[in-house]
Protein chains: 2
Amino acid sequence: MADITSDAVSTPRLSPSGPDQAIAEAGQPACRNAIPDADLLACVELLFFAYRDFTAGADAVLEEYGFGRAHHRVLHFVHRNPGMRVADLLDILKITKQSLARVLKQLIDKGFIMQRAGNDDRRERRLFVTAKGSRLAEKLTTQQSRHIENALSNAGPGAADFARRFLFAMITESDRPRVEALVKLASGMRAR
Amino acid sequence: MADITSDAVSTPRLSPSGPDQAIAEAGQPACRNAIPDADLLACVELLFFAYRDFTAGADAVLEEYGFGRAHHRVLHFVHRNPGMRVADLLDILKITKQSLARVLKQLIDKGFIMQRAGNDDRRERRLFVTAKGSRLAEKLTTQQSRHIENALSNAGPGAADFARRFLFAMITESDRPRVEALVKLASGMRAR
DNA sequence: CCAAATAAGTCAACATGGCTGACATAACCT
DNA sequence: AGGTTATGTCAGCCATGTTGACTTATTTGG
């Protein structure tokens with residue numbers, strides 16, 4: 001394909017302490033002077049470490065059950081949205097049906113999730129966590145919530161609000177309505 | 001066949017606006033009243049979506065070069081710490097030598113990274129990005145910085161500072177000094 | 001009523017990026 | 001010289017993503 005050595009791209013620099021307009025081209029026209037590049041770079045790196053450590057705790061718990069992060073995601077969203085369909089899950093996780101099937105099958109076989117044919121449409125398999133699944137989901141969520149809480153607790157009042165707005169703004173714009181509905185309504189999602 | 005409508009099923013606790021003590025048992029004795037569980041839960045979920053979308057842009061670029069996220073991390077940190085040793089990289093990434101070797105070799109073979117024997121200790125291989133490697137690293141960093149900037153720009157003044165503190169606090173405590181040194185030194189020790 | 005569309009499951013094959021264990025090589029240190 | 005250290009490498013396993021093709025059950029629409 002394209003020769004990568006060629007300078008097909010702009011290569012806007014972002015050198016340490018470089019002037020702001022380094023990344024101005026193609027950027028938002030407004031509000032482009034507020035944040036130094038070095039601070040943004042710091043955030044990029046911190047986000048990597050933060051996410052790594054954020055997931056580490058849950059990963060350790062999951063390992064005891066023979067599960068991985070993929071199982072966690074499935075369990076979590078089913079827990080949050082009882083009665084959701086497989087298609088809904090695929091939509092949220094943005095993975096293929098086959099990838100989902102692998103972990104979902106294990107969760108069902110081990111008795112953490114169960115499924116029932118839909119009332120209106122019996123092709124659908126509505127997903128529910130079992131009591132066992134609920135316990136694990138809550139154990140994981142509690143741990144992660146506490147992780148966040150500890151991080152926010154030193155950041156003063158309004159920290160949670162701020163974090164929520166920041167994280168929300170990090171989500172791809174076209175996905176925000178869906179995520180917003182998911183996060184806010186959560187258990188009301190099935191009514192549709 | 002057990003009817004799933006019976007109460008073997010979920011009972012999704014941690015309901016929005018649920019009482020605090022839902023996760024209070026076995027919790028921290030202090031500072032456990034500030035942030036509603038629903039807000040913490042929201043952050044947990046938002047973090048998942050935010051990180052997914054944050055990495056998506058870079059992933060797309062990397063794919064053009066036949067690289068993955070693992071290559072990105074290596075390239076990034078070598079770019080930020082020219083002359084770093086393999087052992088340093090292993091320490092930061094927390095992966096095995098063999099995992100690193102796989103991607104590092106490809107980056108070297110394709111001319112994005114080069115290595116030179118250390119001056120003092122010639123067993124060491126000091127790592128450097130090439131001009132080509134530098135261009136790619138900056139392209140990726142610029143994109144991610146812009147992503148963060150866009151997210152922060154709507155969050156008012158002090159947003160970057162807040163995000164940095166929040167993300168830093170999310171890092172495992174024992175790792176913070178190392179990360180702090182890494183992030184600060186590389187960006188030129190901004191007075192802050 | 002039958003054909004097409006839809007929801008879900010499944011098989012096979014493959015890629016990426018973690019992991020372990022074992023071993024090789026070169027350079028350093030005592 | 002012998003042991004330690006820094007790095008590289010071979011071989012194989014596992015988790016989790018991918019594509020493509022196909023089946024089954026059910027609903028829907030002409």
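So you know, we letter chains A, B, ... as the sequences are listed, proteins then strands, and number each from 1.
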Exam field: side chain N150(B) to backbone R146(B), donor-acceptor pair closer than 3.5 Å: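 Judged by distance alone, yes, a pair lies under 3.5 Å.
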State whether the side chain of R80(B) and the backbone N or O of V183(B) hold a donor-acceptor pair below 3.5 Å, judged by distance alone.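 It does hold such a pair.
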side-chain N/O [X] vs [N] OP1/OP2, d < 4.0 Å:
{"X": "T96(B)", "N": "dG18(C)", "value": "no"}
{"X": "S99(B)", "N": "dG17(C)", "value": "no"}
{"X": "R102(A)", "N": "dC14(D)", "value": "no"}
{"X": "H71(A)", "N": "dT16(D)", "value": "yes"}

In terms of the nearest nucleotide of DNA chain D, which residue is placed more toward the 5' end: V103(A) or A87(B)?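 Between the two, 5'-proximity favours A87(B).
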Just the rounded figure in Å: distance from [atom2] of [N] to [atom1] of [X].
{"X": "K97(A)", "N": "dT6(C)", "atom1": "NZ", "atom2": "P", "value": "13 Å"}
{"X": "L89(A)", "N": "dG17(D)", "atom1": "CG", "atom2": "P", "value": "11 Å"}
{"X": "R85(A)", "N": "dT26(D)", "atom1": "CZ", "atom2": "P", "value": "17 Å"}
{"X": "D59(A)", "N": "dG18(C)", "atom1": "CG", "atom2": "C1'", "value": "12 Å"}

Using a heavy-atom cut-off of under 4.0 Å over every strand shown, decide if H72(B) touches base, sugar-phosphate, or nothing.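 Nothing, no nucleic acid heavy atom in range.
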Examine the side chains of S145(A) and T142(A) and answer whether a donor and an acceptor come within less than 3.5 Å of each other.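 S145(A) vs T142(A): no donor-acceptor pair found between side chains.
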Would you say C43(A) and L40(A) make side-chain contact, with heavy atoms under 4.5 Å?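 C43(A) vs L40(A): side chains apart.
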Residues that D175(B) engages under side chain to side chain donor-acceptor pair (under 3.5 Å), provided they are two or more places apart: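 Checked D175(B) against side chain to side chain donor-acceptor pair (under 3.5 Å); matches are R52(A), K94(B), R178(B).
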Polar pair under 3.5 Å, donor/acceptor by atom type, side chain K105(B), base dG8(D):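 Side chain to base: no pair present.
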On a plain distance test, is the side chain of Q98(B) in donor-acceptor contact with the base of dG12(D) below 3.5 Å?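 Flag unset: no donor-acceptor pair detected.
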Nucleic acid contacts of residues 113-126 of chain B, taken as heavy-atom distances under 4.0 Å to DNA chain D: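 Contacting residues: Q115(B), R123(B), E124(B), R125(B).
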For F49(A) and F77(B), I'd like to know if the aromatic rings sit close, meaning centre-to-centre distance below 6.0 Å.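 Yes, ring centres under 6.0 Å apart.
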Does the pair E124(B)/R126(B) count as a salt bridge with the N-to-O cut at 4.0 Å?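 A salt bridge links E124(B) with R126(B).
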In terms of side-chain heavy atoms of I95(A), which of dT18(D), dG17(C), dG18(C) is nearest?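 For the I95(A) side chain, the nearest candidate turns out to be dT18(D).
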